[in-house]
Protein chains: 2
Amino acid sequence: MPVKKIPETTISRLFLYLRKVTELSKLSMKRVSSAELGESLNLGAAQVRKDLGYFGQFGVSGSGYVVTELKEKLSKILSKHKTFNVAIVGTGHLGSALLAYSGFEKQGLNLVAAFDTDVNKIGKQLQGVEIESVSDMKDIIKEKKILLGIIAVPAKGAQDVADILTNAGVKCILNFAPKHLNVPEEVKVRDVDLSRELEMLSYFLGNGKKVKL
Amino acid sequence: MPVKKIPETTISRLFLYLRKVTELSKLSMKRVSSAELGESLNLGAAQVRKDLGYFGQFGVSGSGYVVTELKEKLSKILSKHKTFNVAIVGTGHLGSALLAYSGFEKQGLNLVAAFDTDVNKIGKQLQGVEIESVSDMKDIIKEKKILLGIIAVPAKGAQDVADILTNAGVKCILNFAPKHLNVPEEVKVRDVDLSRELEMLSYFLGNGKKVKL
DNA sequence: ATATTGTTGTGATTTTTTTCACAGATTTCG
DNA sequence: CGAAATCTGTGAAAAAAATCACAACAATAT
Ligand SMILES: NC(=O)c1ccc[n+]([C@@H]2O[C@H](COP(=O)([O-])OP(=O)(O)OC[C@H]3O[C@@H](n4cnc5c(N)ncnc54)[C@H](O)[C@@H]3O)[C@@H](O)[C@H]2O)c1
Ligand SMILES: NC(=O)c1ccc[n+]([C@@H]2O[C@H](COP(=O)([O-])OP(=O)(O)OC[C@H]3O[C@@H](n4cnc5c(N)ncnc54)[C@H](O)[C@@H]3O)[C@@H](O)[C@H]2O)c1
């Protein structure tokens with residue numbers, strides 16, 4: 001099979017296309033061109049076509065893409081038909097916010113477990129999920145077949161949590177702690193560094209283009 | 001001045017170097033080499049040197065970088081000595097979590113205003129900040145000289161909020177809504193798309209490397 | 001002193017990603 | 001039906017970013 005390597009940026013954009021095309025299908029739009037798809041996301045038409053092109057050719061020369069069909073294919077490519085169990089570790093401000101978010105379920109991501117070290121939180125319910133002790137984490141993760149973990153604990157504890165997670169068989173981690181995690185290479189980590197996002201912006205505020213040293 | 005264009009990825013990494021070097025300085029480490037700096041972030045030594053190189057030469061051949069000096073320079077480059085006023089729009093789950101986060105103040109980012117449309121929330125205090133009506137937003141932003149806005153409202157309202165913010169003079173926006181924002185070109189937007197981050201991971205879970213169509 | 005070792009700064013090279021540009025397919029219109 | 005207009009798919013070109021590789025220099029050892 002001619003498996004060209006697909007850029008991660010492409011995958012990332014695929015989700016945007018899927019969102020858009022889902023909207024369009026709700027509006028009963030029949031077809032859409034690469035230009036239209038890219039427009040509101042400001043991406044060039046060529047970019048859109050190249051991205052889609054990695055997965056075969058499902059456009060129609062002269063008339064664009066059939067909305068329902070594209071939606072179907074994208075869903076398949078992006079594993080939207082599957083569901084996964086997700087655990088959240090750290091039920092502080094951020095962890096609670098994530099637990100409360102209803103959008104994940106719609107995307108096939110079920111937050112089925114929450115862990116913390118705080119004895120005052122353990123045993124309590126949050127959005128219908130019981131907060132359990134990190135010391136039981138390994139067993140529960142195996143038991144519930146959880147493959148995806150979200151780390152929302154302070155930087156100090158993040159590596160420990162990551163170790164337990166990977167040890168228990170978790171294959172992907174979304175990490176909110178401002179700390180690089182060392183994990184086995186088959187485990188995929190994505191970092192969301194909110195402080196850094198804001199800092200980046202303050203950098204632009206502070207010295208726009210020019211940097212004087 | 002020879003202003004080579006500096007990649008945004010470089011700026012982003014600079015914050016990591018600053019964090020690391022701040023840690024090292026607390027441990028009273030005197031010097032650090034590019035290799036050491038990169039190690040725990042898994043970045044190559046060459047990458048580190050190139051990044052730093054954009055801002056002049058502050059390393060010492062043969063012995064690396066002087067920790068305190070590097071820390072100082074990075075702080076300066078990254079505008080760490082300045083402070084900025086920040087407004088948060090949308091005081092739901094996510095907005096509240098951000099308001100509660102104490103780390104921002106330490107970074108010179110003061111969350112001085114919070115806005116919502118929900119009449120049940122307006123007037124209440126959250127972390128010492130009063131939640132105010134979006135209809136007063138423009139005036140308050142000008143009054144408090146707020147240059148940075150955080151959008152934590154549902155996708156539906158995001159563009160409207162962005163319009164008001166930019167209209168009031170905000171120069172940077174951190175956007176959590178899963179929606180591309182149209183803003184004047186001098187305004188800098190960074191998107192944090194949490195759903196997409198998780199979706200990306202589920203993509204990897206779903207079909208690892210191979211994609212069958 | 002001189003050799004040896006370690007490390008920076010940076011031009012050159014490679015890799016990755018985006019953009020261009022156009023042949024070929026499809027639809028529309030007169 | 002044939003001409004004109006519209007699009008895709010993709011190789012080629014360009015741009016951006018990461019990596020390599022090495023001269024120049026500093027510290028240390030002999
Ligand atoms: N909240 C924000 O807006 C924000 C902004 C930037 C970065 N972050 C980062 O996100 C992470 C979470 O932030 P937060 O504001 O939710 O923190 P928080 O302090 O509100 O919550 C942390 C939670 O983790 C629990 N915890 C601590 N150590 C643990 C461990 N080893 N195992 C399991 N649970 C543990 C604590 O009991 C607490 O409930 C932190 O790393 C923080 O730096 C958060
Ligand atoms: N919470 C999460 O974990 C999570 C995950 C993924 C994405 N998001 C995105 O982040 C954003 C915020 O999420 P949330 O969970 O905090 O939502 P939420 O529903 O908890 O809060 C939204 C808040 O915004 C207010 N609001 C609505 N329209 C407004 C307007 N036009 N102006 C000002 N305020 C307005 C509401 O009154 C509410 O207080 C959403 O766009 C959501 O899609 C959140």
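By convention in this document, chain letters (A, B, ...) are assigned in the order of the sequence lines, proteins followed by strands, and residues within each chain are numbered from 1. Keep in mind that this is a model prediction, so the values were computed, not measured.
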Handout entry: Arg13(A) side-chain proximity, nearest of dA21(C), dT18(C), dC7(D)
Key = dT18(C)
Handout entry: d(CD, Glu36(B); P, dT7(C)) in whole Å
Key = 7 Å
Problem - Rounded interatomic separation in angstrom, taking NZ from Lys30(B) and C1' from dG6(C) - result: 20 Å
Handout entry: Any Arg49(A) side-chain nitrogen or oxygen under 4.0 Å from OP1 or OP2 of dT8(D)
Key = yes
Completion exercise
Rounded to whole Å, CG of Leu37(B) lies from C1' of dT8(C) at a distance of 13 Å
Exercise for the section: Check every atom of dA27(D), dT18(C), dT10(D) against the side chain of Val60(B) and return the nucleotide holding the closest atom. Expected result: dA27(D)
Handout entry: Under 3.5 Å donor-acceptor, Asp139(A) side chain and Glu143(A) backbone
Key = no
Exercise for the section: Could you tell me the separation between the CG atom of Leu52(A) and the P atom of dC7(D), rounded to a whole number of Å? Expected result: 16 Å
Fill in the blank from the handout: Lys5(B) has its side chain closest, among dA16(D), dG9(C), dA21(C), to dA16(D)
Problem - side-chain N/O Tyr65(B) vs dG9(C) OP1/OP2, d < 4.0 Å - result: yes
Practice task
Using only heavy-atom distances, decide whether a donor-acceptor pair under 3.5 angstrom links the side-chain of Lys50(A) to the base of dT18(C).
Solution key: no
Completion exercise
Which of dG9(D), dA21(D), dC7(D) is nearest the side chain of Ser61(A)? It is dC7(D)
Handout entry: Phosphate OP1/OP2 of dA25(C): any Gln57(A) side-chain N/O under 4.0 Å
Key = no
Problem - Of the listed nucleotides dC25(D), dA17(D), dT10(D), the one nearest the side chain of Pro7(B) - result: dA17(D)
Handout entry: Donor-acceptor under 3.5 Å (Arg196(B) side chain, Ser12(A) main chain)
Key = yes
Practice task
Determine yes or no for a side-chain-to-main-chain donor-acceptor pair under 3.5 angstrom, with Gln159(B) supplying the side chain and Asn182(B) the backbone.
Solution key: yes
Exercise for the section: Give a yes or no answer on whether the side chain of Asn85(A) reaches the backbone of Val112(A) with a donor-acceptor pair at less than 3.5 Å. Expected result: no
Problem - Minimal non-hydrogen separation, Gly95(A) against Ile88(A), with atom names - result: O-CD1, 3.7 Å
Fill in the blank from the handout: Residue pair Arg31(B)/Gln47(B) against DNA chain D: nearer the 5' end by closest nucleotide is Gln47(B)
Handout entry: Heavy-atom side-chain proximity of Leu52(B) to Tyr17(B) below 4.5 angstrom
Key = yes
Fill in the blank from the handout: Whole-Å distance, Glu69(B) CD to dT8(C) P, equals 13 Å
Problem - Between dC20(D) (P) and Leu43(B) (CG): distance, integer Å - result: 13 Å
Problem - Residue met sooner reading DNA chain C from 5', once Ser63(A) and Gly44(A) are mapped to nucleotides - result: Gly44(A)
Exercise for the section: Could you tell me whether Thr10(A) contacts a base, only the sugar-phosphate backbone, or nothing, with contacts defined as non-hydrogen atoms closer than 4.0 Å? Expected result: nothing
Problem - dA17(D) OP1/OP2 closer than 4.0 Å to side-chain N/O of Tyr54(B) - result: no
Handout entry: Gap between atoms CD1 and C1', on Ile6(B) and dT10(C) respectively (whole Å)
Key = 16 Å
Handout entry: Whole-Å gap separating P (dG9(C)) and CG (Leu70(B))
Key = 10 Å
